[in-house]
Asks: 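After the C-alpha cells below, expect a handful of questions from me.
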Amino acid sequence: MRRNIAIATVAAAAVIAGGTATAVAVTSDGGGTAHHASSQSRPATDDGQASGNGHSSDDSDDHGSSAGHESADHDSADDHDSADHDSSDDHDAKGYTGPKSSLRVKDDDAHEDLIEARTAKITAPEAAAAALKAVPGTITEIDLDEDDPGLVWELDVLGKDGKFHDVTLDAGNARVLDQHTEHKDNGYHGVSHARKELKGATVDATEAAHKGARDGATVTKVDLDDDHRAASVWKVETVTKQGKEHNLLIDPRTGAVTNGPADDD
C-alpha cells in the first residue's frame, strides 16, 4: 500500500514538472526486495495535448519568427529595388546632373514668359554684368529660360579670345552654373558675321536691356536680330507691369527705340 502511494506521488510530481522521473519504492513486506517503478510524462503543448515529436513550442515560435524575418527581408529588398528603379527613372527623365539653379518654375506654355519674369530675381542687365565678369567680351544674346538646371539666364558672349562662349547663370543669384566655348563657323551667326553687325554700334546688349526695362517692364530676352532687315537691331522681349508681352526694336548705332511685331510662337 505504501509502495503504491509512493509511486503515485512521484508520478504526479513528474506530470507537474513536465519531465520524466523515476521513483524507487522499497516495500516493507519483509522480502527485502527493492521494487522499481518508473513514471514518465510528456510535456504538454499549449492546447493541452502532449507533444509527440520532441520539439517544444519555443522551437515552433523560433521557426515562425525566422519565416517572418525572411519575409520582411524579401519585402525590404523589393522596396529597395523599387526605390532604385524610381530613382533611375527620375534620373533618366531629367537627364541632367550638373549644378542647379536656386529657382524653378512649373511648365505653363500659355504664360511661360510671365511666370519666368515674375520669378527671376536677377535682371537682364545684372545677368549681363555677371557674364562679362566671367568672360570679358561682347554679349550678343541674353535669354531668360527654364532649362534643365532650372530658371537661368543664358548668354552668348563673343570673347576677346575671338570665340563664342555660352554662359549659364542662376536667375536667383547670378551664380555661374556653366560656361563653355561654342563652335560657330564664320557663316551666318558666326564670329565674322557678329563683328560685322556690331560694327559702329554705340548701344550694346546691356544698354538695350536698360532701354527695354522702361516703365517697369521686365526684360526676358535681348537678341541681335537681322531677320528681313537691311541692318541688325537689338530685339528686346519684355513683360509689362500689366503682365503683357511686348517687343521693342533698338538700333545699335543710334539707340532709337521702336515697337516691334509680336512673336509668332
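Keep in mind the model is a prediction, meaning the values are calculated, not measured.
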Asks: Is it true that atom NE2 of H111 has more than 12 heavy atoms of other residues, nucleotides or ligands lying nearer than 6.0 Å?
Replies: no
Asks: For residues L132 and V157, determine if any side-chain heavy atom of one lies less than 4.5 Å from a side-chain heavy atom of the other.
Replies: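 Contact flag for L132/V157 side chains = yes.
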Asks: Answer with yes or no whether the side chains of D178 and H180 bring together a donor and an acceptor at under 3.5 Å.
Replies: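 Side chains of H180 and D178: pair found under 3.5 Å.
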Asks: Within the structure provided, determine whether T238 and E245 are in side-chain contact (heavy-atom separation under 4.5 Å).
Replies: no
Asks: Taking all atoms of both residues into account, what is the closest heavy-atom pair of A127 and L155, and its distance?
Replies: O-CD2, 3.8 Å
Asks: Start with the C-alpha gap between L198 and L224, add the side-chain angles, then the distance that decides, and say whether side-chain contact (heavy atoms from CB on, under 4.5 Å) holds.
Replies: CA-CA 9 Å; L198 290 172; L224 189 61; 3.9 Å; yes
Asks: Is the shortest heavy-atom distance from the side chain of I115 to the side chain of K106 under 4.5 Å?
Replies: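 Side-chain contact under 4.5 Å: no.
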Asks: Side chain of D170, backbone of G172: donor and acceptor closer than 3.5 Å?
Replies: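 Flag set: sc D170 to bb G172 pair under 3.5 Å.
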Asks: Kindly compute the distance separating OG (S192) from CD (E197), expressed to the nearest 0.5 Å.
Replies: 11.5 Å
Asks: Do V222 and V257 share a hydrophobic cluster (ILVMFWY, side-chain heavy atoms under 4.5 Å, transitive)?
Replies: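 Result: yes, single cluster for both.
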Asks: Any idea which heavy atoms bring K100 and R175 closest together, and the distance?
Replies: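 Where K100 meets R175 most closely, the heavy atoms are O-NH2, 3.3 Å.
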Asks: Strictly below 4.0 Å, N to O, side chains only: are K221 and E141 in salt-bridge contact?
Replies: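 Yes, K221 and E141 are salt-bridged.
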Asks: For V203, does its backbone N or O pair with a side-chain atom of W234 as donor and acceptor, under 3.5 Å?
Replies: yes
Asks: If the threshold is 4.0 Å, N to carboxylate O, is there a salt bridge linking K163 and D161?
Replies: no
Asks: Just how far is it from atom CG of L103 to atom OG1 of T119, taken to the nearest 0.5 Å?
Replies: 7.0 Å
Asks: Keeping the roles fixed (side chain from T220, backbone from L144), state whether a donor-acceptor pair exists under 3.5 Å.
Replies: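 No; zero donor-acceptor contacts below 3.5 Å.
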Asks: With rounding to the nearest 0.5 angstrom, report the CG to OG1 distance, D204 to T140.
Replies: 11.5 Å
Asks: Could you grab the distance from atom CD of E146 to atom CG of D108, nearest 0.5 Å is fine?
Replies: 12.0 Å
Asks: Do the side chains of V236 and V233 join up, straight or via other hydrophobic residues, at under 4.5 Å, putting them in one cluster?
Replies: no
Asks: So, taking the atom named OG1 in T181 and the one named NE2 in H165, what distance separates them when rounded to the nearest 0.5 Å?
Replies: 4.5 Å
Asks: Taking all non-hydrogen atoms of both residues into account, name the closest pair between V219 and G212 and its distance.
Replies: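 Scanning both residues, the minimum pair turns out to be CG2-C, 3.7 Å.
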Asks: Show, in sequence, the C-alpha distance, side-chain angles and deciding distance for H246 and N259, and conclude whether the side-chain contact (heavy atoms from CB on, under 4.5 Å) test is met.
Replies: CA-CA 8 Å; H246 184 63; N259 291 322; 3.0 Å; yes
Asks: Ignoring hydrogens, what is the shortest heavy-atom contact between V135 and G159? Give both atom names and the distance.
Replies: CG1-CA, 4.4 Å
Asks: Any donor-acceptor pair under 3.5 Å linking the side chain of S101 with the backbone of L151?
Replies: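 Checked: pair present.
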Asks: Show, in sequence, the C-alpha distance, side-chain angles and deciding distance for D113 and E116, and conclude whether the side-chain contact (heavy atoms from CB on, under 4.5 Å) test is met.
Replies: CA-CA 5 Å; D113 287 345; E116 292 174 353; 4.0 Å; yes
Asks: Please say which of D166, I142, D147 ends up in a side-chain contact (heavy atoms from CB on, under 4.5 Å) with E154.
Replies: D147
Asks: Looking only at heavy atoms, what is the nearest atom pair of A208 and I250, with distance?
Replies: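 It is O-CD1, 3.5 Å.
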Asks: Report the distance from atom CD of E126 to atom NZ of K121, rounding to the nearest 0.5 Å.
Replies: 12.5 Å
Asks: Ignoring hydrogens and geometry, is there a side-chain-to-backbone donor-acceptor pair from W153 to A124 under 3.5 Å?
Replies: no
Asks: With hydrophobic residues grouped by side-chain heavy-atom distances under 4.5 Å, do V239 and L248 end up in a single group?
Replies: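 No, V239 and L248 fall in different hydrophobic clusters.
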Asks: Which heavy atom of D226 sits nearest to which heavy atom of S232, and what is that distance?
Replies: CB-OG, 3.1 Å
Asks: Is a side-chain N or O of T254 found less than 3.5 angstrom from the main chain of A256, in a donor-acceptor match?
Replies: yes
Asks: The test is side-chain contact (heavy atoms from CB on, under 4.5 Å); show your working for L169 and V152 and say whether it passes.
Replies: CA-CA 5 Å; L169 305 173; V152 297; over 6 Å; no
